Enquirer: 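The structure under discussion is supplied below as structure tokens; questions concerning it will follow.
This one's a predicted model, so the numbers in the text were calculated from it and none came from an experiment.
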Amino acid sequence: MPTPKVIAATPLATADAKWISLKKLIYLDGDGKERAWECAERKTRRASGIDAVAVLAILRSRTNAFPVSTIIIEQYRPPIDKYIIELPAGLIDQDETPEQAAIRELEEETGFKAESLIDSSPVIVPDPGMTNANMKLVVLSVVLDDKLELPDQKLDPGEFIVRRVVELSKLNSELKDYDTRGFVIDARLSHFATGYELASRLT
């Protein structure tokens with residue numbers, strides 16, 4: 001399979017953009033002074049007012065055949081022209097709740113079916129200095145009868161996603177290893193992994 005790479009980059013007028021628009025904001029700062037700010041906005045936001053979800057899947061075995069684990073994915077992202085390591089994620093469809101979107105995206109990208117919802121975060125923002133894009137982190141429980149087996153993915157055309165099941169206790173070290181191999185680590189995943197490891201050390 002050919003290695004993905006950016007082969008051209010050109011300026012894009014907002015009127016020609018399908019997914020994103022650019023805006024110039026005029027606001028008053030804390031001193032009442034008028035200032036300007038440039039930002040990007042998604043054009044795909046639905047009635048829920050929430051753009052996307054990321055999925056933290058907690059994998060367990062009924063027979064304890066494998067340690068408590070999670071699923072991360074390897075995916076090429078053109079804006080950085082590199083492979084990134086991230087959680088399964090996706091945009092929320094029309095008339096879909098964030099939790100429904102998370103269950104759908106998990107099955108499409110990894111093949112795993114959620115047994116139950118563990119938690120759904122408040123609305124969070126990943127890069128508020130550049131965009132008003134928002135999302136929720138949805139935590140799902142996946143329980144397997146015995147040993148770990150990888151089900152078939154249900155990827156859309158043009159999606160090329162490699163999934164990996166990683167022990168939660170080893171997640172941060174796995175991400176550091178990815179970094180040494182030239183992968184980029186998603187900030188949200190890195191924050192979670194670092195927090196999880198620190199919590200384990202401090203208890």
Side-chain angles (χ1 to χ4, degrees), residues 2-56 72-106 108-110 120-139 154-163 175 178-179 182-195:
T3 301
K5 62 180 179 179
V6 173
I7 58 174
T10 58
L12 178 65
T14 296
D16 297 328
K18 180 180 179 181
W19 303 100
I20 296 171
S21 64
L22 295 176
K23 287 188 176 180
K24 181 179 181 179
L25 306 177
I26 305 298
Y27 73 101
L28 298 177
D29 69 11
D31 292 325
K33 184 177 179 179
E34 189 174 290
R35 295 183 181 275
W37 196 281
E38 297 174 1
C39 75
E41 291 186 358
R42 285 191 181 275
K43 293 183 175 182
T44 53
R45 182 170 292 178
R46 306 296 187 180
S48 69
I50 305 170
D51 295 316
V53 291
V55 186
L56 176 62
I72 57 177
I73 63 173
E74 305 171 10
Q75 184 172 204
Y76 173 76
R77 292 293 194 181
I80 59 172
D81 197 21
K82 288 186 177 182
Y83 278 89
I84 191 167
I85 309 303
E86 56 190 345
L87 293 171
L91 297 177
I92 300 171
D93 289 342
Q94 186 66 38
D95 300 323
E96 188 177 45
T97 68
E99 294 72 28
Q100 290 168 335
I103 292 169
R104 173 181 55 77
E105 288 289 350
L106 178 66
E108 289 177 359
E109 295 190 357
T110 73
S120 184
S121 77
V123 176
I124 54 179
V125 291
D127 195 353
M130 189 186 75
T131 176
N132 71 341
N134 61 24
M135 62 183 302
K136 294 188 80 171
L137 174 66
V138 178
V139 186
K154 299 179 180 179
L155 300 176
D156 293 328
E159 278 191 315
F160 302 92
I161 292 174
V162 175
R163 68 241 158 114
L175 296 183
Y178 268 116
D179 177 67
F183 289 84
V184 176
I185 312 303
D186 177 76
R188 292 155 296 185
L189 177 58
S190 177
H191 295 164
F192 168 76
T194 300

Enquirer: In Å, rounded to the nearest 0.5 Å, how long is the span from OG1 of Thr194 to CG of Leu175?
Expert: 8.0 Å

Enquirer: Report the distance from atom SG of Cys39 to atom CG of Leu22, rounding to the nearest 0.5 Å.
Expert: 8.0 Å

Enquirer: Measure the spacing between CD1 of Ile124 and CG of Asn134 and express it to the nearest 0.5 Å.
Expert: 9.0 Å

Enquirer: Would you please test Ile84 and Ile185 for side chain to side chain contact (heavy atoms under 4.5 Å, CB included) and show each step?
Expert: CA-CA 6 Å; Ile84 191 167; Ile185 312 303; over 6 Å; no

Enquirer: Taking the side chain from Asp156 and the backbone from Glu159, do they hold a donor-acceptor pair closer than 3.5 Å?
Expert: no

Enquirer: Heavy-atom distance under 4.5 Å between the side chains of Pro4 and Phe160, does that happen here?
Expert: no

Enquirer: By the definition side-chain contact (heavy atoms from CB on, under 4.5 Å), identify the one residue from Leu106, Leu137, Val138 that meets it with Leu87.
Expert: Leu137

Enquirer: Tell me every residue that passes side-chain hydrogen bond (donor to acceptor under 3.5 Å, both in side chains) with Lys154, counting only those two or more places apart in sequence or in another chain.
Expert: Glu107

Enquirer: Side chains of Glu74 and Tyr178: any donor to acceptor distance under 3.5 Å?
Expert: yes

Enquirer: With sequence neighbours left out, what residues match Arg46 under side-chain hydrogen bond (donor to acceptor under 3.5 Å, both in side chains)?
Expert: none

Enquirer: Please give me the minimum heavy-atom distance between Ala8 and Val6, naming the atom from each residue.
Expert: O-CG1, 3.4 Å

Enquirer: Output yes when a side-chain donor or acceptor of Glu108 lies under 3.5 Å from a complementary backbone atom of Glu105, and no otherwise.
Expert: no

Enquirer: When you measure from the side chain of Trp37 to the backbone N and O of Met130, does any donor-acceptor pair fall under 3.5 Å?
Expert: no

Enquirer: Give the minimum heavy-atom separation between Ala89 and Ala54, together with the two atoms involved.
Expert: CB-CA, 3.9 Å

Enquirer: Quick one: side-chain hydrogen bond (donor to acceptor under 3.5 Å, both in side chains) partners of Asp81, sequence neighbours excluded?
Expert: Tyr76

Enquirer: With no hydrogens and no angle check, is any side-chain donor or acceptor of Asp29 less than 3.5 Å from a backbone partner on Asp31?
Expert: yes

Enquirer: Could you report the tightest heavy-atom contact between Arg163 and Glu109, atom names first, then the distance?
Expert: CD-O, 4.1 Å

Enquirer: Can you tell me if NZ on Lys24 sees more than 12 non-hydrogen neighbours from other groups inside 6.0 Å?
Expert: no

Enquirer: To the nearest 0.5 Å, what is the distance between CG (Leu28) and CD (Glu34)?
Expert: 6.5 Å

Enquirer: So which atom in Ala47 and which in Gln94 form the shortest heavy-atom distance, rounded to 0.1 Å?
Expert: CB-NE2, 4.0 Å

Enquirer: Sub-3.5 Å donor-acceptor pair from the side chain of Ser21 to the main-chain atoms of Thr14, do we have one?
Expert: no

Enquirer: Kindly indicate whether the side chain of Glu86, heavy atoms from C-beta on, has any atom under 4.5 Å from the side chain of Gln75.
Expert: yes

Enquirer: CG of Asp186 to CD1 of Ile72: how many Å apart, nearest 0.5 Å?
Expert: 11.0 Å

Enquirer: Identify the heavy atoms of Thr131 and Ala40 that sit nearest to each other, and give their distance.
Expert: OG1-O, 2.8 Å

Enquirer: For the pair Lys23 and Glu41, evaluate salt bridge (Lys or Arg N to Asp or Glu O under 4.0 Å) and give the outcome as yes or no after the intermediate values.
Expert: CA-CA 8 Å; Lys23 287 188 176 180; Glu41 291 186 358; 3.1 Å; yes

Enquirer: Could you grab the distance from atom CZ of Arg35 to atom NZ of Lys33, nearest 0.5 Å is fine?
Expert: 4.5 Å

Enquirer: Would Ser121 and Lys136 count as having a side-chain donor-acceptor pair, cut-off 3.5 Å?
Expert: no

Enquirer: Would you say the side-chain atoms of Arg45 pair up with the backbone N or O of Asp51, donor to acceptor, closer than 3.5 Å?
Expert: no

Enquirer: So, for Val53 and Pro98, which heavy atoms are closest and what is the spacing to 0.1 Å?
Expert: CG1-O, 3.3 Å

